[in-house]
Number of protein chains: 2
Amino acid sequence: MRVSTRFSDSIHLLAFLKIYADQRLTSDLIASSIETSPVVVRRLMGKLRQAGLITTTPGSAQPALAKPLDQISLLTIFYAVEGDKPLFAVDPKTNPDCIVGGNIQTVLQQYYQDAQTAAEARLAKTSLQDIVDNILVEQAKKEALS
Amino acid sequence: MRVSTRFSDSIHLLAFLKIYADQRLTSDLIASSIETSPVVVRRLMGKLRQAGLITTTPGSAQPALAKPLDQISLLTIFYAVEGDKPLFAVDPKTNPDCIVGGNIQTVLQQYYQDAQTAAEARLAKTSLQDIVDNILVEQAKKEALS
DNA sequence: ATCACAGTAATTAATCTAGTTACAGGAGGC
DNA sequence: GCCTCCTGTAACTAGATTAATTACTGTGAT
């Protein structure tokens, strides 16, 4: 698994805050939707809070989105919870006395960065609003069938 | 680390086969350039052979590229050694009875795939020829300075 | 004061990667 | 044939990362 489910779970969490805004948003309730533990949820919320995406109140179950949905992109969320690690890793330890080993890192770095940037540009195009909209559409489809 | 150094090391290995084609290409020699063990090199070569990128002879140190350099893209190599796993993981276990948990996987799947496809398109644009050319250019720069 | 909850550290278990050891079998020289 | 060097692989080990769990401190509301 390349990128941990932290990213996926964080999107889930933020969408949950919006769609169930009328509920008491305890970490327990959120955890039951993600099917994880409340501690994992609180840790995720900690990262999202540090990134300025949500506000929380210690002791009180009232997390809230800090920005409008359409101003939170998937890329913003990605950086909040996973952004410190590159998607593609360059082997940092190769033989500097070899023509290949001595130059491969420099060469790969640029191509890897290009590929990562292309993926990030895609993530930047999608907002949490798109995610929430799509979730509601999918839900409506299900209900139409039942 | 998202993508293991297998990818990076495989590119290294293939470039090495080209640049040092005049040497006895034992797994030991290649390993000394990547700074890993000969077994790791032979395992990588196994995957590259299965993918049709190189030919090898059991018992004899003569691995060779199976295609022209410009017909091997970074994407081909990526698939050969890492291609079975997505770059972004969707949490497979969420609560189906929740509007978010029940639909998030379907929704994220598409966006994740788009991001991965964008990265892959970038990798497809670069060939092993580009890598080898760049390595030789970098090496020439170093030699010019000394 | 009490109760429900957030925030967070520490530990555990599962998974993945890379490295190592070990060994079976092919290639080629003698 | 036999010896040596090599590939191909399996099995095991060590380290890193993730997610889950336990346990605790401290806040907010009643």
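Chain letters run A, B, ... following the sequence lines, proteins first and then strands; every chain starts at 1. For the numbers below, each heavy atom of this structure counts, side chains included, while hydrogens, waters and symmetry mates do not.
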If we fit an axis to the first five pairs and another to the last five of the helix from C:dA1-D:dT30 to C:dC30-D:dG1, what angle do they make, to the nearest 10°?
-> 10°
Verify whether the ring centers belonging to A:F7 and A:Y79 lie closer than 6.0 Å.
-> no
Using only heavy-atom distances, determine whether the side chains of B:S60 and B:Q62 contain a donor-acceptor pair under 3.5 Å.
->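 Looking only at side-chain atoms, B:Q62 and B:S60 do form a donor-acceptor pair, the distance falling under 3.5 Å.
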Distance-only polar pair, side chains of B:Q105 and B:T94, donor-acceptor under 3.5 Å |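 Distance-only check passes for B:Q105 and B:T94.
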Let me know, please, whether B:S60 or A:P58 comes out on the 5' side of the other along DNA chain D by nearest nucleotide.
->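 Nearest nucleotide further toward 5': that of B:S60.
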Rounding to a whole Å, what distance do you find between [X]:[atom1] and [N]:[atom2]?
X: B:D91; N: D:dA19; atom1: CG; atom2: P; result: 8 Å
X: B:Q62; N: D:dC5; atom1: CD; atom2: C1'; result: 13 Å
X: A:L48; N: C:dA6; atom1: CG; atom2: P; result: 14 Å

Name every residue in residues 13-35 of chain A that has at least one heavy atom under 4.0 Å from any atom of DNA chain C, in order of residue number, or write none if there are no such residues.
-> A:R24, A:L25, A:T26, A:S27
Output the residues of residues 38-47 of chain A in contact with DNA chain C, where contact means a heavy atom of the residue under 4.0 Å from an atom of the strand; sort by number or write none.
-> A:V39, A:R42, A:R43
Name the one of A:L128, A:T126, A:V132 that satisfies side chain to side chain contact (heavy atoms under 4.5 Å, CB included) with A:D130?
-> A:T126
Side-chain N or O of [X] less than 4.0 angstrom from OP1 or OP2 on [N]?
X: B:T56; N: D:dG8; result: yes
X: B:T36; N: C:dG19; result: yes
X: B:R6; N: C:dG19; result: no
X: B:T57; N: C:dA27; result: no

Got a sec, which residues hit salt bridge (charged side-chain N to carboxylate O under 4.0 Å, His left out) with A:K141, two or more places apart in sequence or on another chain?
->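 With neighbours one apart ignored, the set is A:E138.
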Does A:F16 have any ring-ring contact (aromatic ring centres under 6.0 Å, His included) partners at least two apart in sequence or in another chain, and if so, which?
-> A:Y20
For B:Y111, check ring-ring contact (aromatic ring centres under 6.0 Å, His included) against everything at least two apart and list the hits.
->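 Here no residue qualifies.
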